[in-house]
Amino acid sequence: MVVAETPEAAAAGVAILKQGGNAIDAAAAASLATGVTHPASCGLGGGGFMLIYLASTGKFYALDYRETAPLKATSTMYIRDGKPDEELARDGALAIAVPGEIAGLDAALTRFGTMKFQQVAAPAVTLARDGFSLGPHLAGEISRMAPRLAQAPGLASVFLKADGTAPKAGDLIFQKKLADTIVSLGNKPADKFYHGALATDLASFIAAHGGIVSTADLAAYQPVWGEPLHRAYQGDEVYVMPPPSSGGVVLEMLGMLEPGHLGGLGVNSPPYLARLIEVMRQGFIDREQYSDPAFVKVPIATLLSPEHINQARDRALHHGAPEPTPTAAHDHGTANLAVVDSAGNVVVLTTTINTVFGSKLMDPKSGIILNDEMDDFAVAPNVPNAYKLEGEVANEIAPGKRPLSSMAPTIVVKNGKPILAVGGSGGPTIITGVLQVLLDVIDFHLGPRAAVEEPRIHEQAEPSTVIIEEKMPQETRAALEQMGYKIRVVPMLGAVGAITIAPGSIRGAGDPRKGGMAAGY
Ligand code: DON
């Protein structure tokens, strides 16, 4: 079973499973195909986190292939005339961090895959070369971004029509340069991407646009294998990625909810949602202590200790509704996918170029869209990023450091066997979306489709307006307002995909919010 954010990516993963590939092969294939069919969200110019369960060892593996600040980066690089200029971290070449995507896929395939890179890349190459039919989600993003894309020659040539207008859903999109680039990576993709002609081309394109990612940065890039974090929840064990992902925040929120027996409260009942709002707020307050553990000691043991969780739960129970502040920006970049194979291996990965179309720069030679992941750092103390997340000192910029992420691929285990694989996209709504789908499956016993389709809420402490999807019944919204919460209704929050695994039954659901798809055979 493969759950991905486009039908083509799910089909690419299934094609590889059918050819005898394992979950790691299929995840790499689906990830590359997502990069082609959701190019505004992720791709070779980005990076991500991959959580792997290997049936043969019964162990979990955490692969961090997050982008990294270039060697010339400094904590004051976005200060102009004494003031931070946040746009520089979101748009243009100075926003680009060293991409980790190919290093990560190569590392995963080399360690646990069974196929060569070109075999898993074949579906992505075909989609890029022969074109794919534009889905409604990407059509919407292109149309919204059309004026900005028109100013970026590389992006305009691929994503706008010759007359400069946006293509419609159903139109074909071709990325021939990107297809050639993926083929040129051969079966040693990290060597080709980070050293040699492609690296030189990328660095000179970035330099020509005023960026600082150099060939030395590309040559130095390394993915990091780490130890997953885990904690018990309702008799199960929940595994997540360590920092700089936000997996630990999900664990802390679960810890605060643990003694609550949420199942008795009813799916999306007002008392349940009120408890969630308070717990989400405390989790986001603690998220400010997260960052790249290679640079800053993240107090994970303390944050996940029973004492700390009890205190946070107390604060959550006794906190009055706060003063509202402006709500977060919404953006539907990033992509998540999950794979379960017949041997019982499980992969959940989340990958991104950050905001829609990343830095808004595509290298015209290679067809690679470059990320704007530098915006996930604290651009300057107390300056909110594109998601209105305020950074603290822990997450300040340093050369070679990885910015804090909200991405949170998660696997739940019962009696040593995975029962749920879940992850999402959508900035900070990833954390709260993964939490809610997990609770819907574990506490409310919903199947993956019902769990993914339930309307969701989002609260992130600052800004402290609760965001609620419009599908949430009016009486529920009114009940929350009566409790004193300031709410803001939005068409939808981020997308979450899930696979549940039981003996003889693997069920999956992509998120209809973003046109996601589950495919199996
Ligand atoms: O890593 C992060 O948290 C962000 N770069 C994710 C961005 C994202 O999900 C875009 N969509 N809202």
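All values below were derived from every heavy atom in this structure, side-chain atoms included, with hydrogens, water molecules and symmetry-related copies excluded. When a ligand or atom number is given, it counts from 1 through the structure's own listing order. On a predicted model such as this, the values are computed, not experimentally measured, just so you know.
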Show, in sequence, the C-alpha distance, side-chain angles and deciding distance for Y221 and F193, and conclude whether the ring-ring contact (aromatic ring centres under 6.0 Å, His included) test is met. CA-CA 10 Å; Y221 186 86; F193 189 95; 9.1 Å; no

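Residues S214 and A203 come closest through the heavy atom pair C-CB, 3.9 Å. Pairing each heavy atom of T350 with each of A408, the nearest pair is OG1-N, 4.5 Å.
Note that OG1 of T432 is 9.5 Å distant from CD of E459, once rounded to the nearest 0.5 Å. Put simply, CD on E470 and CG on L493 are 10.5 Å apart, with the number rounded to the nearest 0.5 Å.
Ligand 1 has no N or O atom lying under 3.5 Å from any N or O atom of I430, backbone or side chain. In terms of polar-atom proximity, defined here as any N/O pair under 3.5 Å, S425 makes no such contact with ligand 1. Here's the thing with L404: none of its N/O atoms is less than 3.5 angstrom from an N/O atom of ligand 1. The shortest N/O to N/O separation between D376 and ligand 1 falls below 3.5 Å. Taking only nitrogen or oxygen atoms, main chain and side chain alike, S406 reaches within less than 3.5 Å of ligand 1.
None of D64, N395, D376 except one satisfies the side-chain hydrogen bond (donor to acceptor under 3.5 Å, both in side chains) rule with R402; the exception is D64.
Contacts with ligand 1 closer than 4.0 Å are made by side-chain heavy atoms of R66 only, the backbone lying farther away.
In summary, the atoms of ligand 1 found under 4.0 Å from a heavy atom of N354, numbered by their order in the structure, are 4 (C), 5 (N), 7 (C), 10 (C).
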